[in-house]
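What follows is a single structure, written as structure tokens, with notes after it.
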Amino acid sequence: MNTLIKNGLFFSGDLNEKAIQQDILIDSNGKIKKIGSNYSIPESDIEIIDATGKWIVPGFIDSHTHYDAEVLASPGLKESARHGVTSIILGSCSVSAVFNNPEDTTDSFARVEAIPRDIMLPLLQKEKNWNSPKEWKAYINKLPLGINVASFIGHSDIRMKAMGINRSLSEKESATEAEDLAMFNMLNDALDEGFIGLSTMDNPWDKMDGDRYWSHKTPSFYSSWKERKNLIDVLRKRDAILQGAPNLVTRYNALNYMFASSGVFRKPLKTTMIAMMDLIGDRYIYPIIALASSVINKFGNANFRMQSPPCPFTVYYDGVDSVMFEEFPSGEALRHLAKELDQRNELIKDQQYRERFKKEIKKKFAPKVWHKDLSKSIIIDCPDTSLIGKNFYDLAKERNSHPIDVFLDTIILYDKKIRWTTTIANDRKEKYKDLYNFKYNLISFSDAGAHLNNMAFYNFPLKMIKNVQESIEAGSPIMSMEKCIWRLTKEQGDWFNLDCGHLAEGKTADLVLLNPENFKNINENVEMESIKEFGNFDRLVNRNDGVVTRVLVGGKTIFENEKFTEDYGKTKKYGRFLAKIDNQKKH
């Protein structure tokens with residue numbers, strides 16, 4: 001059956017097309033047949049959707065997720081879909097679930113991405129019947145996908161496979177010529193199947209889970225840039241993408257990514273690096289990264305992009321169970337002893353350790369992502385309910401003690417049962433105009449599917465839209481709404497070489513109906529909701545009732561009035577594997 005969406009304010013996703021009221025005719029194959037008005041079609045042959053008062057926008061793109069495990073168990077990816085995200089990219093940060101056995105794969109994911117190991121490992125042991133990009137893609141294509149999926153291949157994934165897990169995690173080992181060739185071939189195989197590029201990681205926070213290699217960095221960390229040269233040459237030659245993160249402690253190797261992207265006397269390499277944010281603890285880093293990005297693009301003929309979340313970056317902690325503690329040595333020591341609580345608590349009680357912790361946490365000029373300001377850290381749950389709503393400075397004043405001593409004492413008492421929250425970046429709305437308009441920046445960094453208890457940015461596109469709309473209504477627009485929608489849709493589809501994010505005749509109808517009257521319901525609150533397919537594991541989610549009134553993928557409704565269609569994510573397939581555009585005909 002055909003579908004006609006009538007009377008909505010239509011945003012095509014094209015930066016240069018003004019939003020006007022349009023009707024959209026979608027054929028039975030899910031393609032947009034006509035865009036215009038006043039179609040006269042017998043009602044018996046068509047489903048009519050009245051979009052009066054609504055906005056019609058392309059489905060949003062989330063270009064930084066870790067859904068590699070969740071898509072196997074819950075292929076609807078509901079927490080993104082319900083907010084109008086119709087296309088996601090997984091395989092980020094050097095970790096993908098393609099080449100290695102379930103245990104090695106899980107150990108590379110579970111700790112750094114805060115995905116429960118006791119859920120991911122049995123899931124992979126049950127489902128994993130693939131060992132190559134072609135086999136992985138065949139598996140994905142058989143799933144009842146709710147939304148569209150594209151993927152990077154992970155550098156840690158191919159390095160671990162080529163060298164073996166033991167050698168890939170050794171600082172003393174480099175890839176041999178044969179191992180280099182194996183990685184070269186694995187990357188080419190992935191690109192042949194439509195993967196969009198290679199993700200890598202230089203951040204020492206990213207560490208292995210499991211008993212065998214606990215606290216080793218993930219394999220790509222041990223790879224030199226000399227070792228990566230052949231892989232980067234493949235990406236450059238094949239117009240593929242390098243995604244990565246620098247060492248967030250030293251930071252200077254961010255220049256490696258920028259120089260790799262440079263197109264002086266060679267083809268530019270599409271390179272994207274995480275993450276550009278207005279950090280509370282490090283205000284100078286945003287302007288420095290912005291300046292460096294501008295210089296390398298303008299004068300180095302690069303194709304370099306940062307990634308940014310468009311909203312406050314608020315995180316939630318269960319005790320010290322967060323990757324943020326990996327950025328300073330005494331916090332790293334706590335994380336290392338997470339499985340040995342008696343030893344960890346003895347360490348915490350040691351006065352010399354406490355003095356080191358105090359010294360490290362108050363270093364004013366040390367690079368930092370977490371501001372480490374315990375006056376900005378609010379307790380939201382604890383067995384001692386009298387602590388809820390207070391910060392650790394409040395408690396220190398009450399107890400006439402040092403805030404660090406109070407903090408560490410509560411960790412000994414309650415471990416993960418004390419839950420607290422803080423915002424680490426993007427707290428100043430006056431900076432959003434620069435952030436949103438910075439041309440060398442991709443507005444997309446949700447980490448969806450990871451850090452399940454630590455953060456939730458599934459609705460980041462809606463937060464950006466609300467902020468832009470409020471600025472327009474206040475008479476001081478951050479940007480036009482057309483530009484805002486473009487940044488969340490077509491700009492990213494085009495940059496990542498994916499056929500999505502654009503509504504035009506002949507395109508697949510992945511689209512969203514928004515009710516601007518309910519934008520007030522978009523907020524920074526989070527809720528807990530369980531993932532049934534993850535053994536009812538509780539995770540943080542976002543809710544903004546009445547904002548997204550309908551989501552269509554492939555021309556079919558998947559979500560309407562806060563409910564998914566009955567067969568969603570179970571039997572019927574709506575989404576598709578998104579191959580890199582120059583692979584579309586082949587795949």
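One is the number of the first residue; the rest follow in order along the sequence. Here the structure is a predicted model, which means the values were calculated and not measured.
Few gaps surround CZ on F537; more than 12 heavy atoms of other groups in view lie less than 6.0 Å from it. Within 6.0 Å of NZ in K376 there are 12 or fewer heavy atoms belonging to other residues, nucleotides or ligands. Shown here is E430, whose CD atom has more than 12 heavy atoms of other residues, nucleotides or ligands within 6.0 Å. In the displayed structure, Y252 atom OH is contacted under 6.0 Å by at most 12 heavy atoms of other residues, nucleotides or ligands. More than 12 heavy atoms of other residues, nucleotides or ligands sit less than 6.0 Å from atom CD of Q351. Dense packing is recorded around NZ of K339, with more than 12 heavy atoms of other residues, nucleotides or ligands lying under 6.0 Å away. Heavy-atom contacts from other residues, nucleotides or ligands closer than 6.0 Å to CG of D211 number 12 or fewer. Counting non-hydrogen atoms of other residues, nucleotides and ligands closer than 6.0 Å to NZ of K416 gives a total of 12 or fewer.
Between the side chain of N518 and the main chain of D545, no donor-acceptor pair closer than 3.5 Å is present. Put simply, the side chain of D282 never gets that close to the backbone of V369: no donor and acceptor are under 3.5 Å apart. In this structure, H371 contributes its side chain and T423 its backbone to a donor-acceptor pair below 3.5 Å. With hydrogens and angles ignored, the 3.5 Å screen pairs a side-chain donor or acceptor of S168 with a backbone N or O of I165. Here the side chain of N467 pairs no donor or acceptor atom with the backbone of M464 at under 3.5 angstrom. A donor-acceptor contact shorter than 3.5 Å is absent between the side chain of K207 and the backbone of R111. The backbone N or O of S220 lies less than 3.5 Å from a partner atom in the side chain of R228, making a donor-acceptor pair. For K128 (side chain) and N100 (main-chain N/O), a donor-acceptor pair under 3.5 Å exists by modelled atom type. Judged purely by atom type and a 3.5 angstrom limit, D318 has no side-chain atom pairing as donor or acceptor with the backbone of D321. Of the possible polar contacts, one joining the S444 side chain to the S63 backbone as a donor-acceptor pair under 3.5 Å is found.
Distance check, rounded to the nearest 0.5 Å: CD of E360 to OG of S330 gives 3.5 Å. Residue D68 holds its CG atom at 10.0 Å from OG1 of T105, rounded to the nearest 0.5 Å. In this structure, CG on D118 lies 12.0 Å from CD1 on I115, to the nearest 0.5 angstrom.
Ion pairing between a basic and an acidic side chain is recognised when a charged N comes within 4.0 Å of a carboxylate O; D415 and R344 show such pairing. Taking a cutoff of 4.0 Å between a charged side-chain nitrogen and a carboxylate oxygen, D278 and K433 do not qualify as a salt bridge. Classification of R543 and E79 as a salt-bridged pair holds, one side-chain N sitting under 4.0 Å from a carboxylate O. Under a 4.0 Å N-O distance rule, the pair E103/R117 qualifies as a salt bridge. A salt bridge does not link E529 with K78: none of the charged nitrogens is closer than 4.0 Å to a carboxylate oxygen.
Exactly one residue among K363, K372, K368 makes a salt bridge (charged side-chain N to carboxylate O under 4.0 Å, His left out) with E327. That residue is K372. Checking R305, Q243, Q307 one by one against T272, the side chain to side chain donor-acceptor pair (under 3.5 Å) holds for a single residue, Q307. For the side chain to side chain donor-acceptor pair (under 3.5 Å) test with S94, the passing option among S199, S223, S156 is S156; the others fail.
Classified by interplanar angle (parallel below 30°, tilted 30° to 60°, perpendicular above 60°), the ring pair F438/Y440 is perpendicular. Classified by interplanar angle (parallel below 30°, tilted 30° to 60°, perpendicular above 60°), the ring pair W420/Y317 is parallel.
Annotation: side chain of I296 is in contact with side chain of F259 (closest heavy-atom distance under 4.5 Å). Here the side chains of T65 and S80 are not in contact, with every heavy-atom distance at 4.5 Å or above. Contact check for L124 versus F109: no side-chain heavy atoms found under the 4.5 Å cut-off. Here the side chains of R419 and K417 are not in contact, with every heavy-atom distance at 4.5 Å or above. Using a 4.5 Å cut-off on side-chain heavy atoms (C-beta onward), P204 and N247 make contact. Residues M208 and K217 have side chains not in contact (no heavy-atom distance under 4.5 Å, counting atoms from C-beta outward). At a threshold of 4.5 Å between non-hydrogen side-chain atoms, the residues T218 and M160 do not count as touching. Side chains of P75 and L77 form no contact here, defined as non-hydrogen atoms less than 4.5 Å apart.
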Derivation of the side-chain contact (heavy atoms from CB on, under 4.5 Å) call for L374 and N391: CA-CA 7 Å; L374 295 179; N391 65 56; over 6 Å; no
Salt bridge (Lys or Arg N to Asp or Glu O under 4.0 Å) evaluation trace for D104 with R159: CA-CA 12 Å; D104 292 352; R159 193 171 195 264; over 6 Å; no
Full working for salt bridge (Lys or Arg N to Asp or Glu O under 4.0 Å) between K429 and E470: CA-CA 11 Å; K429 275 198 167 185; E470 286 180 347; 3.7 Å; yes
Audit row: V295, L291, side-chain contact (heavy atoms from CB on, under 4.5 Å) steps and yes/no: CA-CA 6 Å; V295 168; L291 176 62; 4.1 Å; yes
Stepwise side-chain contact (heavy atoms from CB on, under 4.5 Å) test for Y353 and L334: CA-CA 11 Å; Y353 170 80; L334 292 184; 3.1 Å; yes
Verdict with reasoning, N454 to S322, per side chain to side chain donor-acceptor pair (under 3.5 Å): CA-CA 7 Å; N454 303 125; S322 170; 5.0 Å; no
Residue pair F496, I61: steps toward the side-chain contact (heavy atoms from CB on, under 4.5 Å) verdict: CA-CA 10 Å; F496 284 101; I61 299 170; 5.6 Å; no
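S476 and S471 share no side-chain donor-acceptor pair at under 3.5 Å. In the model, D434 has no side-chain atom that pairs as donor or acceptor with a side-chain atom of Y286 under 3.5 Å. When only modelled atom types and interatomic distance are considered, Y67 and D62 share no side-chain donor-acceptor pair under 3.5 Å.
The shortest non-hydrogen separation linking N542 to N525 is ND2-O, 4.1 Å. The minimum heavy-atom distance between H451 and V112, with the atom names listed, is CE1-O, 3.0 Å. Nearest heavy atom pair, residue I348 against residue R354, reads O-NE, 2.7 Å.
The cationic atom of R335 (NZ for Lys, CZ for Arg) does not lie both less than 6.0 Å from the six-membered ring centre of W205 and within 45° of the ring axis.
Residues F445 and F460 keep their aromatic ring centres 6.0 Å or farther apart. Between W370 and F313, the ring centre distance reaches or exceeds 6.0 Å.
Residues passing the side-chain contact (heavy atoms from CB on, under 4.5 Å) test with E491 are W486, R487, sequence neighbours excluded. Residues meeting the side-chain contact (heavy atoms from CB on, under 4.5 Å) test with N544, sequence neighbours left out: H83, N459, L462, I522, V547.
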